[in-house]
Q: 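Dumping the structure here so I can ask a few things about it.
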Amino acid sequence: MSDEPQPQQPHPGWAKREPQAAGDGRTGQPGAPGTPGTAEKAKKPKRPKRTGWRRLIPTWRIALSTVVVGLLLIVGGFFLGYHLVQIPAANALATKQSNVYLYADGSVLARDGEVNRESVSLARISKDAQHAVLAAEDRDFYTESAIDPMAMVRAGWNTATGKGKQSGSTITQQYVKNYYLAQEQTVTRKVKEFFISIKLDREKSKNEILEGYLNTSFFGRGAYGIQAAAQAYFGVDAKDLTAAQGAYLASLLNAPSQYDVVAHPENRPAAEARWNYVMNGMVDKGWLSASDRAAAKFPKPKQSTVSTGMSGQRGYVVNIVKKYLIENGIVDEEELGRGGYRITTTLQKDKQDAFVKAVDDKLMSQLDKKERKVDSYVRAGGASVDPKTGKVVAMYNGIDYVKQYTPNAVRRDFQVGSTFKPFVFTSAVENHSETQSGQTIDPNTRYDGTSERPVQGWTGGRYAPENEDHRDYGHVTVREATDKSINAVYAQMAVDVGSDKVKQTAIDLGLSKNTPELTPSPSIALGVATASPLDMAEAYATLANHGRHGTYTFVEKVTKDGKQEVELPERREHQAVSREAADTTTSVLRSVVQNGTATAAQAAGRPAAGKTGTAEEDTAAWFAGYTPDLATVVAVMGQDPKTAAHKPLYGAMGLARINGGGAPAEIWGQYTRNALEGEPVSDFDLQLQDGADVTAPPSGDASDEPGDGDESGSGEADEDATGDEDGSGSATPGDSGGSTPPGDGGGTESDPPSTGGGTPSTGGPSTEPGPTGGGDSGGDDSSNGGTGPGGGDTDGAGGGDTGTGFPGIPVTPGRQ
């Protein structure tokens with residue numbers, strides 16, 4: 001055996017190691033850095049520190065943590081809210097209170113607001129009506145959840161970005177709001193609505209929710225629920241509603257009062273657009289066939305019916321005041337409909353009673369509807385305003401709200417006639433206007449008063465209005481022309497001033513800029529505009545208040561539930577025209593009462609100023625006047641009770657015709673005397689235009705001898721370019737002077753030439769187009785259209801009225 005050592009067998013699992021060089025990093029070996037694993041760590045690069053803007057960006061770990069925590073909070077908040085918010089009992093709508101309207105002294109004027117609702121089962125509502133409401137409000141009602149988060153977000157975004165307040169609510173949410181909650185727009189209410197809707201959707205069927213919604217929704221006309229609405233608008237039960245009728249009622253949910261085409265005919269296009277949207281939606285969802293849709297026509301709602309508690313003047317006043325509250329943002333329409341409001345108006349009971357009595361004494365008691373058909377056409381309207389405060393203290397709207405629905409004090413469909421002429425003169429003084437020959441216009445400026453004399457300086461076409469009864473006056477002063485309401489003079493003055501400036505002055509004084517037919521042309525001077533008596537009273541109140549204008553107001557105070565006082569808008573007053581312009585106009589209008597066409601107004605027994613007026617074809621007669629303490633406008637109108645067409649008043653009261661100096665001025669005189677009884681008599685404190693305090697001698701024309709103050713042709717020149725309807729120039733009974741033939745006396749005038757310039761026309765009526773279109777026939781102002789039907793079906797048994805206009809809402813005039 002060899003003595004050499006034998007090789008050892010490797011141990012199982014043992015591997016032979018390769019020799020390592022010095023400094024390979026192992027512990028105990030030369031060159032080792034120290035701790036184990038240091039070499040491996042040394043191989044990884046060090047993470048750089050976050051600097052600059054990168055420090056502001058959260059890491060993915062932070063972002064993820066935030067999302068997770070946020071989701072946990074949302075889920076936790078949802079479950080917490082779901083368990084905390086309980087479905088409450090029904091709100092107080094079932095025990096809804098009345099609204100109480102009071103006179104200024106606190107006595108009760110009227111009560112309104114009894115709930116008009118009859119709940120019915122879904123089976124008693126026609127399928128067409130159900131589908132119409134779904135098409136209008138929530139087309140996916142049966143398939144969607146109780147809430148629509150995306151719609152809510154979209155509605156909130158649109159509201160926040162100024163696209164208008166929009167609803168993102170489903171029918172379930174709307175029902176919850178109507179039945180369980182109040183109407184306030186708060187975050188708390190929306191949160192409650194959210195959770196209650198979810199719970200309700202789990203506890204009630206879709207049919208139960210739809211039934212509740214249809215029975216609690218407000219449809220206007222005081223109707224809560226679709227059964228009451230079906231009766232209020234169509235006189236049928238809900239089960240008998242057609243698709244067209246149901247679509248109309250569904251449209252009302254969007255804007256109950258505005259889409260009532262009987263009360264607001266001017267809004268018919270918007271109502272029809274909404275109706276078409278609903279009908280088309282029914283077709284899209286397969287609820288209505290295309291052929292039935294094509295055959296359907298927009299339904300005509302019936303006239304609104306009212307209880308006898310609204311008889312007399314009460315119903316008119318309640319509706320006008322309600323409209324005022326809603327349009328001025330004082331009370332929301334739906335909230336007002338729910339009741340509980342105590343509304344103190346500015347109306348004074350003694351003055352209101354005096355107004356009604358004056359109309360009865362001087363007009364209504366003189367009518368004989370059995371013997372004279374024309375007497376059945378007679379309507380009256382008026383408004384009385386305190387010039388210093390702008391408060392409406394009295395109104396007359398009609399004989400009885402139950403019998404004649406139209407509120408005549410605020411309707412805008414009859415021409416105001418020559419009551420507009422003072423605005424032309426006010427504008428002349430305000431703008432320091434001059435005649436065509438360069439003379440400053442003042443009360444003593446002379447104009448050519450020849451009938452049918454072409455207006456000079458107007459570039460819009462030949463315009464030659466005739467005077468009443470084709471009467472010529474030669475050269476007269478502005479004061480005389482106002483006393484006798486000479487059309488030729490005022491048409492020329494409107495051009496001298498600038499008809500656009502005249503229009504602006506009228507607006508500054510108080511007329512709405514949306515007044516129908518308030519257009520800048522020579523005819524503006526003759527009163528072709530169709531303002532309401534209340535509009536005119538506001539403008540005349542500005543003249544009485546030395547040119548200071550403040551918008552009228554109907555309301556003194558509003559409280560909710562007897563304790564919460566509702567904030568009213570602050571009344572602002574400003575100098576609309578200079579005191580000199582307003583006061584000089586007053587001095588001219590005082591002459592009209594003392595020497596002109598309005599001598600009947602002297603019955604007031606106080607210093608008074610005013611102007612008479614007659615509409616085209618004598619369809620209306622006006623008197624607008626004021627004392628230092630009260631501005632009042634009275635209009636007598638002609639309207640067919642069945643067709644609502646404007647009708648001439650020839651023969652009414654047994655007279656040849658009714659003029660502003662007749663019944664309107666007589667009513668004004670009696671009312672003003674009684675309304676101001678017991679109050680100190682005050683005189684006008686006037687600051688006049690230079691030279692206006694001296695009255696020039698009257699013209700020597702034989703044709704302008706003053707008459708008895710009756711505008712109907714008794715020697716006084718009357719109104720606008722109206723004349724007799726047949727051009728015959730007939731006078732009222734007792735007229736001893738008759739009318740002067742055209743051209744008579746026109747060439748004997750010895751005064752200076754007319755400041756209007758031009759040669760007086762000696763021919764017949766002009767056939768040239770007038771400045772506002774149409775042919776001008778002189779007497780009837782046909783350049784501005786003829787008289788046609790007014791605003792829809794009105795008075796009498798079952799007559800509806802579509803010619804109604806409320807403050808601020810223009811109505812299409814009845815002329816075609």
Side-chain angles (χ1 to χ4, degrees), residues 91-104 106 108-117 159 164-165 167 174 177-179 181-186 188-189 216-224 228-229 232 252-260 263-264 267 304 306 309-310 314-347 390-392 395 401 407 409-410 534 551-572 804-809:
N91 62 30
L93 182 59
T95 56
K96 174 180 165 292
Q97 303 176 65
S98 296
N99 292 318
V100 181
Y101 295 82
L102 309 172
Y103 286 109
V108 175
L109 190 160
R111 293 181 183 273
D112 175 48
E114 293 80 14
V115 176
N116 177 22
R117 181 183 63 210
T159 301
K165 184 184 293 184
S167 173
Q174 293 181 56
K177 180 184 68 173
N178 291 342
Y179 192 71
L181 303 174
Q183 300 294 313
E184 72 271 13
Q185 295 292 326
T186 63
T188 302
R189 199 270 292 166
T216 57
S217 295
F218 180 63
F219 291 84
R221 292 194 181 182
Y224 287 87
L252 292 172
L253 293 169
N254 192 254
S257 65
Q258 295 304 308
Y259 287 170
D260 186 340
H264 298 291
N267 292 339
S304 176
V306 293
M310 291 291 104
R314 292 190 292 272
Y316 299 118
V317 171
V318 167
N319 274 353
I320 291 171
V321 172
K322 284 169 65 176
K323 193 70 177 177
Y324 176 84
L325 292 171
I326 294 168
E327 291 196 342
N328 285 277
I330 299 171
V331 181
D332 176 78
E333 179 182 7
E334 191 166 348
E335 275 297 296
L336 190 62
R338 291 176 183 274
Y341 288 91
R342 191 174 182 85
I343 300 149
T344 304
T345 71
T346 58
L347 299 178
K391 294 178 181 179
V392 180
M395 285 189 294
Y401 180 68
V410 294
L534 178 59
T551 53
Y552 66 83
T553 177
F554 281 115
V555 177
E556 292 266 21
K557 183 180 180 182
V558 179
T559 58
K560 178 75 167 72
D561 297 327
K563 53 185 179 180
Q564 178 186 350
E565 187 164 346
V566 178
E567 184 178 357
L568 300 178
E570 181 182 358
R571 181 177 183 270
R572 297 180 179 179
T804 302
F806 288 101
I809 300 179

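As the structure is a computational prediction, the values presented were derived from the model and not from experiment.
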Q: So which atom in Val321 and which in Tyr101 form the shortest heavy-atom distance, rounded to 0.1 Å?
A: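 Scanning both residues completely, I find the closest heavy atoms to be CG1-CE2, 3.9 Å.
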Q: Just verifying a value: how many Å separate Glu565 CD and Lys557 NZ, rounded to the nearest 0.5 Å?
A: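 Answer rounded to 0.5 Å: 5.0 Å.
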Q: Please round to the nearest 0.5 Å and tell me the distance separating atom NZ of Lys322 and atom CG of Asn319.
A: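 So the NZ of Lys322 and the CG of Asn319 are separated by 5.5 Å.
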Q: Which heavy atom in Asp332 sits nearest to a heavy atom in Glu334, and how many Å separate them?
A: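 In terms of heavy atoms, the two residues are closest at OD2-N, 3.0 Å.
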Q: Look only at the side chain of Thr345 and the backbone of Leu102, and say whether a donor-acceptor pair between them is shorter than 3.5 Å.
A: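 Such a contact is found between Thr345 side chain and Leu102 backbone.
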Q: What closest approach, in Å, do Leu253 and Ser217 show between heavy atoms, and which atom pair accounts for it?
A: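 Residues Leu253 and Ser217, closest heavy atoms: CD2-CB, 3.6 Å.
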Q: Do the side chain of Asn99 and the main chain of Tyr341 share a donor and acceptor less than 3.5 angstrom apart?
A: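 Pair found, side chain donor or acceptor close to backbone of Tyr341.
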Q: What residues form a ring pair (Phe, Tyr, Trp, His ring centres under 6.0 Å) with Phe218, not counting sequence neighbours?
A: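 For Phe218, the residues satisfying ring pair (Phe, Tyr, Trp, His ring centres under 6.0 Å) (neighbours in sequence not counted) are Tyr224.
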Q: Of the non-hydrogen atoms in Ala409 and Met395, which two are nearest, and what is the gap between them?
A: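 Where Ala409 meets Met395 most closely, the heavy atoms are CB-SD, 4.3 Å.
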Q: Applying side-chain contact (heavy atoms from CB on, under 4.5 Å), can you list everything that pairs with Ile326, at least two apart in sequence or on another chain?
A: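 Ile326 satisfies side-chain contact (heavy atoms from CB on, under 4.5 Å) with Glu333, Leu336 once adjacent residues are dropped.
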Q: List for me each residue that meets side-chain contact (heavy atoms from CB on, under 4.5 Å) alongside Glu570, sequence neighbours excluded, and say none if there are none.
A: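 Glu570: no side-chain contact (heavy atoms from CB on, under 4.5 Å) contacts found.
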Q: Between Asn328 and Ile330 (side chain of the first, backbone of the second, donor and acceptor by atom type, cut-off under 3.5 Å), is there such a pair?
A: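 Not confirmed, Asn328 side chain does not pair with Ile330 backbone.
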Q: What is the distance from atom CG of Leu252 to atom CD of Gln258, rounded to the nearest 0.5 Å?
A: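 Between atom CG of Leu252 and atom CD of Gln258 there are 11.0 Å.
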Q: Under the side-chain contact (heavy atoms from CB on, under 4.5 Å) test, which residues partner Ala110, sequence neighbours left out?
A: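 Expected list: Met310, Arg314, Val318.
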Q: My understanding is that only residues two or more places apart in sequence, or in another chain, count here; which of them pass side-chain hydrogen bond (donor to acceptor under 3.5 Å, both in side chains) with Thr553?
A: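 Once residues adjacent in sequence are excluded, the partners of Thr553 under the side-chain hydrogen bond (donor to acceptor under 3.5 Å, both in side chains) criterion are Tyr324.
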Q: Without swapping roles, check the side chain of Thr346 against the backbone of Val392 for a donor-acceptor pair under 3.5 Å.
A: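 Flag set: sc Thr346 to bb Val392 pair under 3.5 Å.
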